[in-house]
Engineer: 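I'd like to ask you about the structure that follows.
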Amino acid sequence: MPQDETSSPTQLDRTRAAPEHATGDGPWIEIAFGPDDQVYLRETSAPEKAVTTMRQKWGAFELGVQAGEFGHFAEGA
């Protein structure tokens with residue numbers, strides 16, 4: 001899914017993937033939807049770097065998560 005590692009625009013609205021009552025700096029994953037159908041993923045411990053993909057590919061990933069296609073990654077966690 002990732003296309004490349006790049007600098008992430010600073011003016012994007014980011015959503016942090018963290019447990020509801022989490023405190024502290026994480027590290028957490030943040031996602032932002034930018035111009036030109038770009039989706040930026042970054043880790044809070046390295047905010048200057050981002051992995052990008054396209055909205056269409058992100059949508060396919062979301063559908064896969066909803067369908068349980070990635071549950072094997074969480075087994076034993």
Engineer: Quick one: sort the Phe70 and Phe73 rings into parallel, tilted or perpendicular, breaks at 30° and 60°.
Structural biologist: parallel

Engineer: Report the C-alpha separation of Leu63 and Gln66 in whole Å, then their side-chain angles, then the decisive distance to 0.1 Å, and conclude whether the side chain to side chain contact (heavy atoms under 4.5 Å, CB included) test is met.
Structural biologist: CA-CA 5 Å; Leu63 291 173; Gln66 292 169 356; 3.8 Å; yes

Engineer: Evaluate the side chain to side chain contact (heavy atoms under 4.5 Å, CB included) criterion for residues Thr44 and Glu30: first the C-alpha distance (whole Å), next the side-chain angles of each, then the deciding distance (0.1 Å), finally the verdict.
Structural biologist: CA-CA 7 Å; Thr44 56; Glu30 295 178 325; 3.7 Å; yes

Engineer: Among all residues two or more places apart in sequence or in another chain, which pass the side-chain hydrogen bond (donor to acceptor under 3.5 Å, both in side chains) test with Glu69?
Structural biologist: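 In terms of side-chain hydrogen bond (donor to acceptor under 3.5 Å, both in side chains), with neighbours along the sequence ignored, Glu69 is linked to no residue.
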
Engineer: Could you check Ile31 against Tyr40 for side chain to side chain contact (heavy atoms under 4.5 Å, CB included), going step by step and ending with a plain yes or no?
Structural biologist: CA-CA 6 Å; Ile31 182 171; Tyr40 295 86; over 6 Å; no

Engineer: Go through the structure and list residues passing side-chain hydrogen bond (donor to acceptor under 3.5 Å, both in side chains) with Thr23, not counting sequence neighbours.
Structural biologist: none

Engineer: What are the two closest non-hydrogen atoms of Gly34 and Leu12, and how far apart are they?
Structural biologist: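 Result for this residue pair: CA-CD2, 3.7 Å.
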
Engineer: Check this for me: Glu62, atom CD, are more than 12 non-hydrogen atoms of other residues, nucleotides or ligands nearer than 6.0 Å?
Structural biologist: yes

Engineer: Report the distance from atom OG1 of Thr15 to atom CH2 of Trp28, rounding to the nearest 0.5 Å.
Structural biologist: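 Here the rounded value is 15.0 Å.
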
Engineer: Please enumerate all residues that pass side-chain contact (heavy atoms from CB on, under 4.5 Å) together with Arg55, with sequence neighbours excluded.
Structural biologist: Phe33, Asp37, Val39

Engineer: Let me see the working for Arg42 and Lys49 under side chain to side chain contact (heavy atoms under 4.5 Å, CB included), right down to the final yes or no.
Structural biologist: CA-CA 6 Å; Arg42 72 180 187 180; Lys49 296 180 181 178; over 6 Å; no

